[in-house]
Amino acid sequence: MTTPYRRIIADGLWSNNVIFSQMLALCPLMAVTGTATNGLGMGLATTAVLIATGSSVAALRRIIEPEIRIPAFVLIIAVIVTLVEMAMNAWLHDLYKVLGLFIPLIVTNCAIFGRAEAFASREGVLASAVDGMMMGLGFTLALVVVGAVREILGSGTIFANASLLLGARFGFLQTTVIPDYKGFLLLVLPPGGFFVLGLLLAAKRAVERRRGQARVTGAEAPQAEIQQITL
């Protein structure tokens, strides 16, 4: 089975987005998206795991017996998550102190195991790596958007403490959007993630419905012209 790379990119970023289409990995979404920076950190860590897992499973798929593929996939994912956790603890320790509790839970992320089973176990290494990267970037995009909305409405800031993740050079990203804002605690807490996610899902469905209607209208137009010519 081979999948065109354009389709892989479109699936990962939009049409089969982990959060907005598959509705997977909602636990980390609710837990860490109190700020856009936390969402970006978790998203990039998950992207690294998706790329490494997809590549490893694709490379080993011919020597892993079908009967033991599930424990083998879990073992591969656990090893890679452990390496990512150790790397984050070594080089991004300040961010690790915030997200460290949630990093081991990447092992239980349904999206990672799902891509290993549904895609990497059937495709080549390069295609699986691209699929993992696109799924990871789509997941990261969703976490950053949800985190940004929750942070702006909940605290009046955006990308607070971005220097912890990206370094002092990116401190300019830390912006106060609403000065002297008292904050809205509910949006910062996990239940606020449900409200924001619901609004974003509704917006995505509205865009897709509008695009679908536009395609139907575009397809009907030539038919109408043909009928007029026939008459």
Side-chain angles (χ1 to χ4, degrees), residues 1-33 36-62 64 69-92 95-96 99-147 165-166 197 204:
M1 183 177 71
T2 57
T3 304
Y5 287 101
R6 181 180 295 180
R7 175 70 179 278
I8 293 174
I9 295 172
D11 278 350
L13 296 180
W14 180 261
S15 56
N16 202 23
N17 185 280
V18 171
I19 297 293
F20 295 135
S21 296
Q22 300 184 51
M23 296 294 290
L24 297 175
L26 297 184
C27 291
L29 177 81
M30 302 301 166
V32 306
T33 55
T37 301
N38 290 351
L40 180 61
M42 175 59 82
L44 293 178
T46 306
T47 299
V49 174
L50 276 164
I51 295 172
T53 300
S55 305
S56 301
V57 169
L60 299 172
R61 71 186 191 283
R62 299 187 190 282
I64 296 176
R69 72 183 190 286
I70 292 178
F73 292 169
V74 172
L75 179 61
I76 292 172
I77 294 170
V79 170
I80 294 172
V81 169
T82 301
L83 294 176
V84 170
E85 181 186 15
M86 294 173 67
M88 181 175 284
N89 190 13
W91 291 304
L92 298 170
L95 184 65
Y96 176 79
L99 299 180
L101 178 65
F102 303 103
I103 297 300
L105 297 179
I106 294 177
V107 177
T108 63
N109 190 321
C110 302
I112 297 174
F113 184 83
R115 297 317 294 174
E117 170 70 10
F119 193 95
S121 63
R122 297 175 172 81
E123 297 283 355
V125 175
L126 180 59
S128 299
V130 174
D131 176 75
M133 183 172 65
M134 290 300 113
M135 284 292 166
L137 291 178
F139 180 65
T140 303
L141 178 64
L143 261 60
V144 171
V145 171
V146 173
L165 173 64
L166 303 171
L197 176 62
K204 183 175 185 292

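Sequence positions, counted from 1, serve as the residue numbers for this chain. Since the model is a prediction, treat every value here as computed from it, not as a measurement.
Annotation: side chain of M42 is in contact with side chain of I106 (closest heavy-atom distance under 4.5 Å). Put simply, the side chain of T46 does not reach to within 4.5 Å of the side chain of V18, judged on heavy atoms. Residues L26 and L197 form a side-chain contact, since some pair of their non-hydrogen atoms from C-beta on lies under 4.5 Å apart. Looking at heavy atoms from C-beta onward, C110 lies out of side-chain contact with Q22 at the 4.5 angstrom threshold. Between F113 and L24, every side-chain heavy-atom pair lies at or beyond the 4.5 Å cut-off.
The minimum heavy-atom distance linking G124 with R61 is given by the pair CA-NH1, 4.0 Å. The two residues S128 and A58 come nearest to each other via the heavy atoms OG-CB, 3.4 Å. Pairing each heavy atom of I19 with each of A25, the nearest pair is CD1-O, 3.6 Å. Across A127 and F119, no two heavy atoms sit closer than the pair O-CE2, 3.5 Å. Residue A142 comes nearest to L29 through the heavy atom pair O-CD1, 4.4 Å, listed as atom of the first residue, atom of the second, then distance. Closest of all the heavy-atom pairs between V81 and P104 is CG1-CA, 4.1 Å.
Taking CG of L40 as the reference point, atom CG of L141 lies at 10.5 Å (rounded to 0.5 Å). We find the CE-CD1 distance between M86 and I103 to be 14.0 Å, quoted to the nearest 0.5 Å. Taking OG from S56 and CD1 from I80, the interatomic distance works out to 4.0 Å, rounded to the nearest 0.5 Å. Note that OG of S55 is 10.0 Å distant from CE of M133, once rounded to the nearest 0.5 Å. How far CZ of F139 is from CG of N109: 5.5 Å, rounded to the nearest 0.5 Å. Note: L137 CG to L44 CG = 8.0 Å, rounded to the nearest 0.5 Å.
For the side-chain hydrogen bond (donor to acceptor under 3.5 Å, both in side chains) test, residues two or more places apart in sequence or in another chain that qualify with S15 are D11. In terms of the side-chain hydrogen bond (donor to acceptor under 3.5 Å, both in side chains) criterion, residue partners of T33 (sequence neighbours excluded) are, by chain and number, R150. Applying the side-chain hydrogen bond (donor to acceptor under 3.5 Å, both in side chains) test to T140 and every residue at least two apart in sequence or in another chain returns T47. With sequence neighbours excluded, no residue forms a side-chain hydrogen bond (donor to acceptor under 3.5 Å, both in side chains) with N16.
Listed by first and then second residue, the salt bridge (Lys or Arg N to Asp or Glu O under 4.0 Å) pairs involving residues 137-146 amount to none (not counting sequence neighbours). Applying the salt bridge (Lys or Arg N to Asp or Glu O under 4.0 Å) test to residues at least two apart or on different chains, the pairs with a partner in residues 107-119 are R69-E117, R115-D131.
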